[in-house]
Amino acid sequence: MPELPEVEVIRRGLERWVAGRAIASAEVLHPRSVRRNTGDLPARLKGRPLLSAERRGKYLWLPLGDGDPADPREAEEALVVHLGMSGQLLLTDRGAPAERHLRVRLGFADDGPELRFVDQRTFGHMLVAPLASAYGRRVPEPITHIAPDPLEEAFDDDGFAHRLTRRRTGLKRALLDQSLISGVGNIYADEALWRARLHWARATETLTAAEVTELLAQVRAVLTDAIAQGGTSFDSLYVNVNGESGYFGRSLAVYGRQDEPCPRCGAPVRRDPFMNRSSYSCPKCQPWPGDARP
DNA sequence: ATTTCAACCTGGCCGC
DNA sequence: TGCGGCCAGGTTGAAA
């Protein structure tokens, strides 16, 4: 479900409503929703403050204090969350009835609203992990293989261009590879490619430096626009921590708009099968690269 | 080494 | 109303 903009909107909600609070209790209602520390997640969390809310790409983490406010050392561990396709983090009153797909609930020492992890398809997960260095930043050890996302200071434009054009694959496949550039998923890949007028199947090794520059600019533009509108909500599956939907769905140019007119030229948007999924594009603005067919 | 693809799940929607 | 088939925003690990 959520890509970078949706995760960032959630991160901001956590930063505002959860950072600084100490965990009093943790309850795991579905074993698949916890990785690695299966079974002892509650013990690892109890009594510890959540210091802040961080994000790289589609991963969220909350650095954990050690429970002693008189000894404010830099965090060595964090509670890591990946939302998968359908995960939600919701702040709810402690007495509120359990959601249908409630998987983990965290109660706080201040007796305020609790944090609930709700996940219909259970592709998402949580875990406690040590922090390690990767691409100039302290991140959870399990995500050190993830590249910085294009909104991070640490993102290296020239390095990206170099690695991208050395690949032997299609452009959209590369955009979805989180070890090359993180945060981009199916929706925003299609939207950025449309904005940059590039076809999803374009061979990466044929891209010019100018095309990569334009692509990166459009990736950043679409992610930034989406964050400003609270993310994209097709249905009730994506909401912020207060249960509210985002409005970027109405700004999508091609994604999910098969046969509707391209906002730029009016040609009917095309849908192509892509990796057991779909790619949406404009047949006129984004013509097949040369004679290549998928 | 690099690239591709099935598998992990549940539920909503569509057509018969 | 019911049932099968299809689709859904992600990542991983293993195979090619």
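Each chain gets a letter, A, B and so on, in the order the sequences are listed, and its residues count up from 1. Note: hydrogens, waters and symmetry copies are ignored here, and every other heavy atom, side chains too, is used.
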Report each atom pair, protein N/O against N/O of nucleotides 13-16 of chain C, whose distance is under 3.5 angstrom.
none

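- In this structure the side chain of A:Arg195 reaches within 4.5 angstrom of the side chain of A:Val222, judged on heavy atoms.
- At a threshold of 4.0 angstrom between heavy atoms, the contacts of A:Tyr59 are confined to the sugar-phosphate backbone, with no base atom among them.
- Ring orientation note: the planes of A:Trp288 and A:His199 are tilted relative to one another, at an angle of 30° to 60°.
- For A:Arg35, there are no salt bridge (charged side-chain N to carboxylate O under 4.0 Å, His left out) partners at least two apart in sequence or on another chain.
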Report summary line: Counting primed atoms, P, OP1 and OP2 as sugar-phosphate and everything else as base, the B/S/- map of nucleotides 2-7 of chain B against protein heavy atoms under 4.0 Å is -SSSS-
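- The separation between A:Met85 atom CE and B:dG11 atom C1' is 12 Å, rounded to whole Å.
- Although no hydrogens or angles enter the test, the distance criterion places no donor-acceptor pair under 3.5 Å between the side chain of A:Asn37 and the main chain of A:Asp40.
- In this structure, A:His101 reaches the B:dG11 phosphate: one of its side-chain N or O atoms is under 4.0 Å from OP1 or OP2.
- Using a 4.5 Å heavy-atom threshold, the side chains of A:Ile23 and A:Leu50 count as touching.
- A:Ser86 has no side-chain polar atom (N or O) that falls below the 4.0 Å cut-off from OP1 or OP2 of B:dT10.
- Atom CG of A:Leu60 is separated from atom P of C:dG10 by 14 Å (rounded to the nearest Å).
- Residue-level contact check: A:Thr232 touches the bases, meaning some heavy atom is under 4.0 Å from a base atom.
- Between the CZ atom of A:Arg100 and the C1' atom of B:dC9 there is a distance of 14 Å, given to the nearest Å.
- In this entry the distance linking NE2 of A:His82 with C1' of C:dT11 reads 7 Å, nearest Å.
- Within 6.0 Å of the CZ atom in A:Arg16, the count of heavy atoms belonging to other residues, nucleotides or ligands does not exceed 12.
- Within the 4.0 angstrom heavy-atom criterion, no nucleotide atom of any strand lies near A:Tyr188.
- A cation-pi contact, defined as under 6.0 Å to the ring centre and within 45° of the axis, is absent between A:Arg277 and A:Phe274.
- Atom CZ in A:Arg32 sits roughly 11 Å away from atom C1' in C:dT11 (whole-Å rounding).
- A:Val9 is not listed as a side-chain neighbour of A:Arg11, based on a closest heavy-atom distance of 4.5 Å or more.
- For CD of A:Glu76, the number of neighbouring non-hydrogen atoms (other residues, nucleotides, ligands) closer than 6.0 Å is 12 at most.
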Report task. Starting at the 5' end of DNA chain C, write a dot or bracket for each base, bracketing those in Watson-Crick or G-U wobble pairs whose two distances are under 3.5 Å and using | for partners on another strand. Result -> .|||||||.|||||||
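- Considering A:Arg21, A:Arg105, A:Arg94 in turn, A:Arg105 is the only one that fulfils the salt bridge (charged side-chain N to carboxylate O under 4.0 Å, His left out) rule with A:Glu114.
- Among the atoms of the strands shown, none is found under 4.0 Å from any heavy atom of A:Arg103.
- Here the P atom of nucleotide C:dT11 and the CG atom of A:Leu176 are 9 Å apart, to the nearest Å.
- We find that OH of A:Tyr238 is positioned 21 Å from C1' of B:dG12, with the value rounded to whole Å.
- Between A:Trp61 and A:Arg56, some side-chain heavy-atom pair lies under the 4.5 Å cut-off.
- Taking the P atoms as reference points, B:dG11 lies 22 Å from C:dT11, given to the whole Å.
- Here the C1' atom of nucleotide C:dT12 and the CZ atom of A:Arg121 are 15 Å apart, to the nearest Å.
- In this structure the side chain of A:Gln218 never reaches within 4.5 angstrom of the side chain of A:Arg197, judged on heavy atoms.
- Between A:Glu15 and A:Ser52 the shortest side-chain heavy-atom distance falls below 4.5 Å.
- Once rounded to the nearest 0.5 Å, the distance linking CH2 of A:Trp200 with CG of A:Leu171 reads 11.0 Å.
- Near-neighbour residues of DNA chain C inside residues 132-149 of chain A, defined by a heavy atom below 4.0 Å, number-ordered: A:His145.
- Taking the side chain of A:Lys58 as heavy atoms from C-beta on, and the options C:dG9, B:dG11, C:dT11, the nearest nucleotide is C:dT11.
- Between A:Gln178 and C:dG10, a side-chain N or O to OP1/OP2 separation shorter than 4.0 Å is absent.
- B:dT3 and C:dG9 are spaced 23 Å apart, taking the P atom of each and rounding to whole Å.
- Partners of A:Arg202 according to the salt bridge (charged side-chain N to carboxylate O under 4.0 Å, His left out) rule, which considers only residues two or more places apart in sequence or in another chain, are A:Glu211.
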